[in-house]
Amino acid sequence: GTRDRLRPVLLTAGAAAMGFLPMAISSGAGAEVQRPLATVVIGGLVTSTMLTMIALPLLFEIFYSKHRYFTFSRFAKPKGAFLLILFLGLGVVASAQKTQLSREQIIDFALQNNKAIAAEALRVEEARVLTKTAFNPDKTVISYSTDQNNIAENGFALNVWGIEQSFRFPTAYAADKKLLNSDMALAEVSLKLQKQQLQKQVSQLYFTLKGLLNKQAIYRTLDSLYAEKLRNMKLRVERGDLTELELFRMQSKREQIRFQLNQVSFDVENGYERMAAMMNYKNPFEISDKLEILQMNPDSISKTVYDLQAIRLSREEMRVKASKNNALPDINLGYFLGTNGQADSKYYHGVQIGVAIPIFFGSHKARIEAARMASDATAQGIEHEKDLFKSYENSLMKEMQKYKQQVDYYNLSGSKMQQSIVSMATKSFDAGEINLTEFINSIEQSIEIQLAYIDHVANYNFYVLELLYFSFTD
């Protein structure tokens, strides 16, 4: 069956592959889109033909043949080797493909693998464990004493065993508990703020890289356009319709575009490396080059920095209360048991209750006053920070709205204008209605409109992200 089907299958696949060959080697306008598509189709036709004519009959012979031409002992090793080579080949093909990651996936990888986030999470756990240390009485004292002056009824000295424990005033433990809880809340908000900072940095790099990919595509399209025009101009120079000077100017312009393309390509490669470092991601990956415009809802602005301020202020107030409670009396409890182990001995029980009063109160008063002053200073600093936060937030909103207007203008009329400029300039130049200078100026004007739009989208997304993950680091 394979021998009979070989010719028609090869002719069918070969005809289709030859049909896509011009597209695969083209260098004209749109070639950056056509070449990858044609390459994939041709490669698929070749590999599918090989699998259909070679691999599939061989697999059928191995597993389903009724004619046992080979014994198992002779064929086991070749079959195992064939399957191993087949799966390894598939693995190589699969590993050669880049995985396309979305912004959400990149953020997830960064949060999971970032060492700074892991360290901050450990600090949160440390603060959570420390909340269990709020109730921390002094060490228990176990004592033994004997005294010849302490005589029992039977005339022998008593051996006295005792246990003593001192406690701070009960409200002091409650105050310490609240202070430790505020430390834990502060650590949790700090972790949340650090995660938001990482999410913002990753997102800003993500959208910057998208802009670079779009610029790269523009320069590639422009390079293909100039290459096509150069071929046409060479023919016109040979006919005497154009001068060598005009041809040289077009070649110079193409070299400039290729230089800019190389610069942008370098920036793209550098952006991917930075993003991989942020994620701690070792496998090859790529992102979509489709421009995205983030949506901004004022209710979505992060309030984490304000939460941090509230916890800081609450923590200082807890410190004042803890200082006051530390000045309260301590309570001492003791129990004693005495006997001498002699004839007619008895057990004698004793209880001791005491209060430790801070007679020298000056140091406690100073600590309370210092804690109150620190709390007042923190409150005033937070009020100042709130004014700065509000001003900075309003500034971000204005910048965002400025670039939003520019983005909306391009989508409304700038895009159509840019496409019309390219179309009219190309047709007029090919028809000889405009000279080379006018053609290049028109193309450059069109490119400037596109590049400006990409920058405006990038700037708009930048300020949206600054608001969504709002923080003030100045």
Side-chain angles (χ1 to χ4, degrees), residues 24-40 94-111 113-114 198-228 253-294 403 406-407 410 415 418 422 443-444 446-466:
I25 62 176
S26 66
S27 59
E32 69 279 354
V33 178
Q34 297 175 359
R35 283 198 299 266
L37 176 62
T39 303
V40 170
S95 63
Q97 297 178 351
K98 293 183 179 181
T99 303
Q100 187 174 103
L101 300 179
S102 64
R103 182 166 69 102
E104 291 75 16
Q105 291 174 315
I106 294 173
I107 289 176
D108 288 341
F109 280 122
L111 292 176
N113 301 329
N114 188 272
L198 180 60
Q199 290 173 341
K200 182 179 71 173
Q201 293 171 2
V202 170
S203 298
Q204 288 175 344
L205 178 58
Y206 176 83
F207 288 113
T208 299
L209 190 53
K210 272 183 175 288
L212 290 172
L213 290 172
N214 278 268
K215 289 182 179 181
Q216 187 182 51
I218 290 173
Y219 284 126
R220 283 176 176 171
T221 302
L222 191 58
D223 180 62
S224 300
L225 177 63
Y226 280 3
E228 182 181 358
K253 277 294 179 182
R254 190 193 178 195
E255 289 300 322
Q256 293 178 9
I257 293 299
R258 297 184 72 176
F259 174 77
Q260 291 172 327
L261 175 59
N262 291 334
Q263 292 295 311
V264 172
S265 299
F266 175 79
D267 292 338
V268 168
E269 183 179 355
N270 187 37
Y272 272 120
E273 291 178 356
R274 289 176 56 199
M275 187 170 290
M278 281 186 174
M279 294 189 294
N280 195 18
Y281 192 76
K282 306 302 181 183
N283 299 326
F285 71 98
E286 62 184 5
I287 65 171
S288 170
D289 60 354
K290 182 180 178 181
L291 283 180
E292 298 179 36
I293 301 176
L294 293 173
Y403 288 109
Q406 295 171 339
V407 171
Y410 179 86
S415 177
Q418 176 265 328
V422 174
I443 296 298
E444 289 182 346
S446 169
I447 296 302
E448 288 176 1
I449 293 175
Q450 289 181 282
L451 296 179
Y453 171 70
I454 293 173
D455 290 336
H456 293 157
V457 171
N459 289 327
Y460 168 76
N461 287 334
F462 173 84
Y463 287 108
V464 170
L465 291 169
E466 287 288 335

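Along the sequence shown, residues carry numbers from 1.
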> Ignoring hydrogens and geometry, is there a side-chain-to-backbone donor-acceptor pair from Tyr460 to Leu294 under 3.5 Å?
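Looks like yes, one N/O pair under 3.5 Å.
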> Do Val268 and Tyr272 have side chains that approach each other closer than 4.5 Å (heavy atoms only, starting at C-beta)?
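The answer is yes; the side chains approach within 4.5 Å.
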> Please examine the side chains of Phe285 and Gln105, heavy atoms only from C-beta on, and report whether any two atoms are closer than 4.5 Å.
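Side chain of Gln105 against side chain of Phe285, heavy atoms only: no contact under 4.5 Å found.
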> CE/Met275 to CG/Leu209 distance, rounded to the nearest 0.5 angstrom?
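One gets 5.0 Å once the value is rounded to the nearest 0.5 Å.
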> Report the distance from atom CD of Gln199 to atom CZ of Arg103, rounding to the nearest 0.5 Å.
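Output value for this atom pair is 9.0 Å.
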> For Ile287 and Leu213, what are the C-alpha separation, side-chain angles and deciding distance, and is it a side-chain contact (heavy atoms from CB on, under 4.5 Å)?
CA-CA 9 Å; Ile287 65 171; Leu213 290 172; 3.8 Å; yes
> I'd like to check Met279 versus Leu101 (side-chain heavy atoms, cut-off strictly below 4.5 Å). Are they in contact?
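Side-chain contact under 4.5 Å: yes.
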> Can you tell me if Asn280 uses its side chain to pair, donor with acceptor, with the backbone of Asn114 under 3.5 Å?
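Such a contact is absent between Asn280 side chain and Asn114 backbone.
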> Can you tell me how far CZ of Arg254 sits from CZ of Arg258, rounded to the nearest 0.5 angstrom?
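With rounding to 0.5 Å, CZ (Arg258) is 4.5 Å from CZ (Arg254).
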> Got a sec, which residues hit side-chain hydrogen bond (donor to acceptor under 3.5 Å, both in side chains) with Asp455, two or more places apart in sequence or on another chain?
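Partners of Asp455 under the side-chain hydrogen bond (donor to acceptor under 3.5 Å, both in side chains) test: Lys215.
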> Parallel, tilted or perpendicular: which one describes the rings of Tyr403 and His456, with boundaries at 30° and 60°?
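Aromatic pair Tyr403/His456 classed tilted.
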> Angle class for the Phe109/Tyr281 ring planes (parallel below 30°, perpendicular above 60°, tilted otherwise)?
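Correct class here is tilted.
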> Just wondering, do Thr99 and Asn283 contact through their side chains at under 4.5 Å, heavy atoms?
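The answer is no, as the side chains (C-beta and beyond) never meet within the 4.5 Å cut-off.
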> Would you mind reporting whether Ile454 and Tyr410 have side-chain heavy atoms less than 4.5 Å apart?
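A side-chain contact under 4.5 Å is absent here.
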